[in-house]
Amino acid sequence: MKELKEIELKWQKKWEKDKLFVAKEKGKKCYVLEMFPYPSGLGLHLGHTFNYSIGDAYARFKRARGFNVLYPMGYDAFGLPAENAAIKEKIHPKEYTEKSIKNFIFQQKRLGISYDWNKLIKTCDPEYYKWNQWLFLKFFENGLAYRAKAPVNWCGHCGTVLANEQVEDGECWRCHSKVEIKQLEQWFLKITKYADELLKDISGLNWNEKIKIMQKNWIGRSDGIEIDFKLKNSEDKLKVFTTRPDTLWGVTFVVMAPENPKVFDLVRGTKYENEIKKFTNKVVIDEKYERAVEDKEKEGLFTGRYAINPVNNQEVPIYIANFVLLEYGTGAVMAVPAHDQRDFEFARKYKIPVKVVIKPKEYELDAEKMMKAYVDMGIVINSDKIFNGMNNFDAIKEIIKYLEKKKFGKRTINYKLRDWLISRQRYWGTPIPIIYCDKCGILPAEIPVLLPDDVKFSGEGNPLANHEKFHKVECTKCGGDARRETDTMDTFFDSSWYFLRFIDNKNEKKIFDAKKIEKWMPVDQYIGGAEHAVLHLLYARFFVKAMRDIGLLEIDEPFINLFNQGMINKNGMRMSKSKGNVIDPMETIEKYGADTLRTYLLFMGDPGKNREWDDKGIEGVYRFLKKIYSFKNKIKPRLNIKDKILESKLNQIIKEITVDMDEFKFNLAINRLMQLTNFMHTQKENISAKVFDDSLKKILIMLSCFAPHISEELFENGYVSVAEWPKADEKKIDKKLEDDEEQIEKLIDDINNVAKIVKEKNKDIKKCFVYVLPKELKIYNDSIEDISRRTSFEIKIFSVADKDKHDPEKKSSKAKIGKPALYLE
RNA sequence: GCGGGAGUGACAGAGUGGUCAAAUGUGCUGGCUUGAGGUGCCAGUCCCUUAGUGGGUGCGCAGGUUCGAAUCCUGUCUCUCGCACCA
């Protein structure tokens, strides 16, 4: 359809001109938000398009339902690709990004997404990132941002450090090159302070279970106890963390992380010192990532020292080993080889005794012959007589009480979550607003700290570090020579609060107006891919809690409802350039129009699941829209015999679609629209003009969530985009009527079939009557005309009472009630 | 190993206790439209049987609950995704 493009462009212009989608001040609010995109130079991909099709369908639905919808769009515009483009193509990141954003906006408008464009934000705009800096300083003031030397993940390819969340299998999440470990002074945000709250509040979120569990795992809470082991020949103590105090009597050695600073104290001046240092270097530097693999062979060294188990005063040797992590717990563990697989492997290798203290109910364990650790539930044995015989699950609680009472240890909770490292040694990001003075120390810089434009992109190092004017500053306190921080912030900082800035994006004086935040937050519906399960979604939750504690807002969670869309595959695989199976949304729009693409994306299956793109599938949707469009050419009406049926069906689907929309079952909603449209199409001559038009109007309002342009074109009462959602009239839903209709359809089928055969077999037959013996005369009577017309046979009716008058044996076959019978002349 | 999700017709994908041989789309077959293997329309598309009717099998596999299951329970297999030496 040639005119399709014209239609779409026409309405897009009109919507913009009439500011149709600007959020209002009044009415019940609904904040609909898609995860804002990184504006890559390649333009929208199908995943974006799908994401926005979902959001727009939902936003349009909510608007039609009378909500005051805030539906903004912005760009996560800082980041590496722009900088890489700068190095490669000699184009300034700013220029590259601006160009990409322009293209994104153009394409999004071409899709007809109903954003409130007044709310636009770009994170690379100083008007945005100066508030990043402001926030950072607030965090700094409140002890939530701190600088520390720590082993950090270094990606040589990207030339920057990475957060733990950005390391996947020891590789950079972006470029997939191997990550190394470096000791560097870096800025951290204290997300661990909120570990418990972040974990606890997950239960109140209406999110996909998978994402919730991923976050829970990432935070990784374990409840246990820290136990003090005295050191032999020393006043010092060694703390270990365990969740299994029930195995305390089975401890046969203690293991420390090699890089634990205490190790050096233990071995200083002994014959073990050199070996230990060598081993530590090997493990910590060379094998940082290989080390963290389960089947990596356990390796270790004896330190020459002993620890004393507080509960039985037994002396046990202290080892260091590659499988113990410094960052977790106390960096030292009590080893119970009988009941922990790692300890078991280690003990067997280094010939350390194994002592069984938990026994399965059904059989005995032999410490000498065991092939693996026994880690299941069981009965406590060989321990203190107070606990022997207890179920070990109960014993854990009792032993913790006992240890606390005896002051041997303290109940502790440990988390896997680490603080968030936000320093990046790159140019295209928010400068960290800090200066360093040799005399005065670390000081906040005056903000905004603007990114200088005149930088050179050599591809080596951080351009800001080579920009003298930028990093040479006066100390704000003493006026002496000082150095400005040249690191920029992780771009996840930008995206951790952007949803707040949308609400008050033009505020020059404040980060946002708290009253407006109170009005609009939390986001009612957030929509995005599952790839941000632990990155963005965790950071944003942390920011909101931190900002709450600083007094900037009053909510606890940013996103109550989250919808994760699935991925779209082609030929059973993820779309990728290398596989050559990429569907380009803009090409598809050229061919079929935005309406078709959007409707197909939502029709192809459950939007929450992965689905398969089918070139033929989109054809079907295209045909459906064309069919609807054909309603524009008025059919000369017409009978009204199907009016009631149509009304019944219509009201039924209004009811159903209203539910579907709230549950993101867009595929079902579209399906229902198709069914009804098909009915109207086949029955168009049997429906009165009034009912037909009225039904079409309501269908268009619902359809406009998916195919807004074509719906506008056909709608004749103002803008369909702001029309009120139809209400289902329960009174008109008549299942009985629809059932009867089905029966009539069957009847017509039957008659046609019979007649066809009769014709074939008896060509000399002139007239052919069909006698119908109805169950309920009334319905059939009403439909006789219809049946007669649609079968081109003369129809006669017999009521049940007349059945006997009719003589079926005469000429026709056996007549059954409700079935047609033939009568030939 | 732990944890999520999923297994339905030629394919994709609906359907979560009866109204299901199972929506819708695609594919395939036949008919009409047409200059046309293009568009559009109509019909058919598990198996057997019939002029119409009718009957049988069927929703990964094996059991169970129920008057009745694709739908609930148990076991089992397969696929997929996330986390993974966290003590």
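Below, chain A is the first sequence line, B the second, and so on; all start at residue 1.
Note on D614(A) versus K616(A): no salt bridge recorded, every NZ/NE/NH1/NH2 to OD/OE distance being 4.0 Å or above. Under the 4.0 Å criterion applied to side-chain N and carboxylate O atoms, E345(A) and K298(A) are assigned as salt-bridge partners. Salt bridge status for E327(A) with K416(A): absent, with no side-chain N to carboxylate O gap under 4.0 Å.
In this structure A36(B) sits in no base pair that meets the Watson-Crick or G-U test at under 3.5 Å. Pair check for A12(B) finds U24(B); Watson-Crick or G-U wobble, both atom distances under 3.5 Å. Here A87(B) sits opposite no nucleotide as a Watson-Crick or G-U wobble pair (both hydrogen-bonding atom distances under 3.5 Å). Across all strands shown, A6(B) forms a Watson-Crick or G-U wobble pair, both distances under 3.5 Å, with U78(B). The partner of G18(B) is C67(B), judged by Watson-Crick or G-U wobble contacts that both fall below 3.5 Å. Across all strands shown, G31(B) is found opposite C41(B) as a Watson-Crick or G-U wobble partner, with both distances under 3.5 Å.
Once rounded to the nearest 0.5 Å, the distance linking CG of L673(A) with CG of L703(A) reads 6.0 Å.
Between the P atoms of C79(B) and U24(B), the separation comes to 34 Å (whole Å). Here, C73(B) and U65(B) have their P atoms 15 Å apart, quoted to the whole Å. With C1' as the reference atom, G4(B) and A10(B) are 31 Å apart, rounded to whole Å. Nucleotides G64(B) and C83(B) have their P atoms positioned 41 Å apart, rounded to a whole Å. For the P atom pair drawn from A21(B) and G56(B), the interatomic distance equals 11 Å after rounding to whole Å. Taking atom P in both U19(B) and A69(B), the straight-line distance is 11 Å, to the nearest Å. Comparing the same atom, C1', in G25(B) and in G35(B) gives a spacing of 31 Å after rounding to whole Å. Taking the P atom of each, C48(B) and C61(B) are spaced 22 Å apart, rounded to whole Å.
Distance I670(A) CD1 to G13(B) P: 15 Å, rounded to the nearest Å. The CD-C1' distance, from Q341(A) to C86(B), rounds to 16 Å in whole Å. When the C1' atom of G5(B) is taken as reference, atom CD of Q565(A) falls 17 Å away, rounded to whole Å. Regarding E327(A), its CD atom lies at a distance of 14 Å from the P atom of A87(B), rounded to whole Å. The distance from atom OH of Y629(A) to atom P of G40(B) is 16 Å, rounded to the nearest whole Å. Distance F346(A) CZ to A87(B) P: 19 Å, rounded to the nearest Å. Atom CD1 of I211(A) is separated from atom C1' of G3(B) by 13 Å (rounded to the nearest Å). Rounding to whole angstrom units, CZ of residue R221(A) and C1' of C2(B) are separated by 19 Å.
Applying the 6.0 Å contact sphere to NZ of K410(A) captures no more than 12 heavy atoms from other residues, nucleotides or ligands. Counting heavy atoms of neighbouring residues, nucleotides and ligands inside a 6.0 Å radius, atom NZ of K237(A) does not exceed 12 of them.
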Trace of the side chain to side chain donor-acceptor pair (under 3.5 Å) decision for T192(A) with D419(A): CA-CA 6 Å; T192(A) 51; D419(A) 275 339; 2.7 Å; yes

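The side chain of S630(A) places no N or O atom within less than 4.0 Å of a non-bridging phosphate oxygen (OP1 or OP2) of G40(B).
Comparing C85(B), A87(B), A6(B) by their nearest atom to the side chain of V333(A) picks out A87(B).
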Check nucleotides 24-26 of chain B for protein N or O atoms closer than 3.5 Å to its own N or O atoms and list the pairs.
unit_1 : atom_1 : unit_2  : atom_2 : d
U24(B) : O4'    : N671(A) : OD1    : 3.0
G25(B) : OP1    : N678(A) : ND2    : 3.4
U26(B) : OP1    : R623(A) : NH1    : 2.4

Identify the pairs formed between an N or O of the protein and an N or O of nucleotides 78-83 of chain B at a distance under 3.5 Å, and give each distance.
unit_1 : atom_1 : unit_2  : atom_2 : d
C81(B) : O2'    : K210(A) : NZ     : 3.3

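The closest donor-acceptor contact from the side chain of N322(A) to the backbone of E297(A) lies under 3.5 Å. Not a single donor-acceptor pair under 3.5 Å links the side chain of N217(A) to the backbone N or O of G220(A).
Looking only at atom types and distance, the side chain of Q652(A) has no donor-acceptor partner in the side chain of R672(A) under 3.5 Å away.
Nucleic acid contact class of L668(A) (heavy atoms, under 4.0 Å, all strands): sugar-phosphate only. Among the atoms of the strands shown, only primed sugar atoms or phosphate atoms (P, OP1, OP2) are found under 4.0 Å from some heavy atom of D606(A).
Between Y350(A) and F253(A), the ring centre distance reaches or exceeds 6.0 Å.
In this structure, F706(A) and F666(A) have perpendicular ring planes: the angle between them is above 60°, well past the 30° mark.
For H681(A) and G605(A), each mapped to the nucleotide of RNA chain B holding its nearest heavy atom, the one lying further toward the 5' end belongs to G605(A).
At a cut-off of 3.5 angstrom, counting only N and O atoms as typed in the model, there is a donor on one side and an acceptor on the other between the side-chain of R342(A) and the base of A87(B).
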